[in-house]
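Index from 1, following the sequence.
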Amino acid sequence: MGFEDQRFNVNLSILFTELPLLERPAAAAAAGFTAVELWWPWIDSPTPERSELDALKKAIEDAGVQLTGLNFYAGRLPGPDRGALSLPGAESERFRANIDVAADLAGSLGCKALNALYGNRVDGVDPAEQDALALENLVLAARAADRIGAILLIEALNRPESPRYPLVSAPAAVEVADRVDAASGLGNARFLMDLYHLSMNGEDLPSVIDRYASRTGHVQIADNPGRGAPGTGALPLADLLDRLRKAGYDGWVGLEYKPGDRPSAEAFDWLPR
């Protein structure tokens with residue numbers, strides 16, 4: 001088993017970024033991938049012009065790849081932000097304005113997973129106030145995802161790189177997903193299990209897999225240390241993916257790693273052909 005028995009998709013917001021956005025889907029296809037995922041591509045605009053949305057849709061369709069995951073608007077990512085939905089004021093409003101835009105784009109491409117990053121803690125704001133706002137916005141996002149037959153993903157990040165992000169463990173992210181399901185009544189909130197982030201937090205990855213595989217809607221990988229390709233660090237990723245498969249996870253595995261000092265097309269030499 002190992003890497004041979006997995007369905008990998010490539011994240012076009014961290015790989016192939018040396019190319020313009022509209023050229024990345026074809027580059028992924030040329031590298032042998034049939035599926036891609038994206039962070040929200042327009043970091044300054046939750047509601048880009050229709051022409052921009054249509055151009056991205058066409059690039060994905062022309063490349064012949066499937067969009068399997070899309071983030072809602074999350075602020076400046078990459079950058080200092082880690083989401084917008086729990087931030088009172090303008091950023092929360094931007095997230096809400098983005099919900100149907102992102103869902104419509106995903107739905108038009110048959111994408112069945114939408115990722116909602118929670119957002120950082122804000123100085124001077126009661127965390128309970130942020131959590132209440134987050135739940136309101138996540139329920140709206142869950143309804144939009146349900147409208148297109150998709151799941152809503154809740155992701156745990158890592159504390160060293162995201163010290164103000166409150167969801168820095170698998171249990172914390174799953175607890176939020178459970179709260180969203182209880183509030184929405186839809187049952188479509190799932191855990192996004194990013195093995196790199198969880199390893200950075202020092203979590204027991206086999207235990208996390210055994211406990212939460214059934215609540216997991218998507219998996220992402222990168223090696224640790226370095227967030228590079230599998231084999232550049234010390235994580236036993238093939239064994240961990242085997243364990244996930246045996247625990248019942250049969251979904252996509254997103255490649256969300258940095259290519260290093262080489263073109264992205266050369267960063268897949270670890271993959272069995």
Q.
Given 3.5 Å as the limit, does a donor-acceptor pair link the side chain of Arg96 with the main chain of Asn137, or not?
A. no
Q) Between the side chain of Ser13 and the main-chain N/O of Trp39, is any donor-acceptor distance below 3.5 Å? A) yes
Q.
Using the side chain to side chain contact (heavy atoms under 4.5 Å, CB included) definition, which of the options Leu153, Asn98, Leu138 pairs with Phe72?
A. Asn98
Q | Sole candidate of Leu192, Leu167, Val174 that passes side chain to side chain contact (heavy atoms under 4.5 Å, CB included) when paired with Ile154 | A | Leu167
Q: Please confirm whether the backbone N or O of Tyr165 pairs with a side-chain atom of Ser162, one donor and one acceptor, at under 3.5 Å?
A: no
Q.
I'd like to know if the side chain of Gln130 and the backbone of Pro88 have a donor-acceptor N/O pair within less than 3.5 Å.
A. no
Q. Got a salt bridge between Arg211 and Asp204, using NZ or NE/NH1/NH2 to carboxylate O under 4.0 Å?
A. no
Q: Under the side-chain contact (heavy atoms from CB on, under 4.5 Å) rule, what do Phe8 and Ile221 come out as? Steps first, then yes or no, please.
A: CA-CA 10 Å; Phe8 292 110; Ile221 64 170; 4.1 Å; yes
Q.
On a heavy-atom basis, which atom in Ala102 and which in Leu114 lie closest, and how many Å separate them?
A. O-CD2, 4.2 Å
Q) Would Tyr73 and Arg94 satisfy side-chain hydrogen bond (donor to acceptor under 3.5 Å, both in side chains), going step by step from the backbone distance to the final call? A) CA-CA 8 Å; Tyr73 169 79; Arg94 287 161 73 86; 2.9 Å; yes
(Q) Taking Asn224's backbone N and O only, do any of them form a donor-acceptor pair with Arg227's side chain (distance below 3.5 Å, no angle check)? (A) no
Q: Sorted by first residue and then second, give each side-chain hydrogen bond (donor to acceptor under 3.5 Å, both in side chains) pair with at least one member in residues 144-157; sequence neighbours left out.
A: Asp100-Arg147, Asp104-Arg147, Asn115-Glu155
Q.
To check you understand the geometry: which heavy-atom pair defines the closest contact between Pro171 and Glu203, and what is its length?
A. CD-OE1, 3.8 Å
Q. Would you say the side-chain atoms of Ser92 pair up with the backbone N or O of Gly89, donor to acceptor, closer than 3.5 Å?
A. no
Q | Salt-bridge contact Asp210-Arg243 (side-chain N to carboxylate O under 4.0 Å) | A | yes
Q.
Treating Ser45 as the side-chain partner and Trp42 as the backbone partner, does any N or O pair qualify as donor plus acceptor under 3.5 Å?
A. no
Q: Would you name the heavy atoms of Ala156 and Leu198 that are closest together and state the gap between them?
A: CB-CD2, 4.1 Å
(Q) Using side-chain hydrogen bond (donor to acceptor under 3.5 Å, both in side chains), reason through Tyr196 and Asn201 one step at a time and then give a plain yes or no. (A) CA-CA 9 Å; Tyr196 166 75; Asn201 287 326; over 6 Å; no
Q: With Leu56 as reference, evaluate Leu67, Leu109, Leu22 under the side chain to side chain contact (heavy atoms under 4.5 Å, CB included) test and give the passing residue.
A: Leu22
(Q) Any carboxylate oxygen within less than 4.0 angstrom of a Lys/Arg side-chain nitrogen, looking at Lys58 and Glu61? (A) no
Q: Dump the intermediate steps for salt bridge (charged side-chain N to carboxylate O under 4.0 Å, His left out) on Arg7 and Asp250, then the final yes or no.
A: CA-CA 8 Å; Arg7 292 193 298 160; Asp250 62 356; 5.4 Å; no
(Q) Using side-chain hydrogen bond (donor to acceptor under 3.5 Å, both in side chains), reason through Glu37 and His218 one step at a time and then give a plain yes or no. (A) CA-CA 11 Å; Glu37 63 184 32; His218 186 47; 2.7 Å; yes
Q.
Could you report the tightest heavy-atom contact between Val101 and Thr47, atom names first, then the distance?
A. CG2-CG2, 4.0 Å
Q | Sequence neighbours excluded, every pair satisfying side-chain hydrogen bond (donor to acceptor under 3.5 Å, both in side chains) that has a member inside residues 14-36 | A | Glu18-Ser264
Q) For Arg76, what residues pass the salt bridge (Lys or Arg N to Asp or Glu O under 4.0 Å) criterion, not counting sequence neighbours? A) Asp81
Q. Can a salt bridge be assigned to the pair Asp5 and Lys246 using a cut-off of 4.0 Å between side-chain N and carboxylate O?
A. no
Q: Flag the pair Asp223 and Lys258 as a salt bridge only when some basic side-chain nitrogen lies within less than 4.0 angstrom of an acidic carboxylate oxygen.
A: no
Q. Yes or no on side-chain contact (heavy atoms from CB on, under 4.5 Å) for Tyr118 and Leu85, after CA distance, side-chain angles and deciding distance?
A. CA-CA 6 Å; Tyr118 201 83; Leu85 62 91; 4.3 Å; yes
Q: Could you tell me whether Phe33 and Trp252 have their ring centroids closer than 6.0 angstrom?
A: no
Q) Do Leu15 and Leu12 pass the side-chain contact (heavy atoms from CB on, under 4.5 Å) test, and can you show the C-alpha distance, the side-chain angles, and the key distance before you say yes or no? A) CA-CA 5 Å; Leu15 285 155; Leu12 298 181; 5.8 Å; no
Q) Can you tell me if Lys112 uses its side chain to pair, donor with acceptor, with the backbone of Ile148 under 3.5 Å? A) yes
Q: Show the numbers, then the answer: is there a side-chain contact (heavy atoms from CB on, under 4.5 Å) between Leu241 and Val253?
A: CA-CA 9 Å; Leu241 293 179; Val253 176; 4.1 Å; yes
Q. For the residue pair Ala74 and Leu117, what are the closest heavy atoms and their distance?
A. CB-CD1, 4.0 Å
Q | Under 3.5 Å side-chain donor-acceptor pair for Tyr257 and Gln220 | A | no
**Q.** Over all atoms of both residues, closest heavy-atom pair of Ala63 and Ala26
**A.** CB-N, 3.5 Å
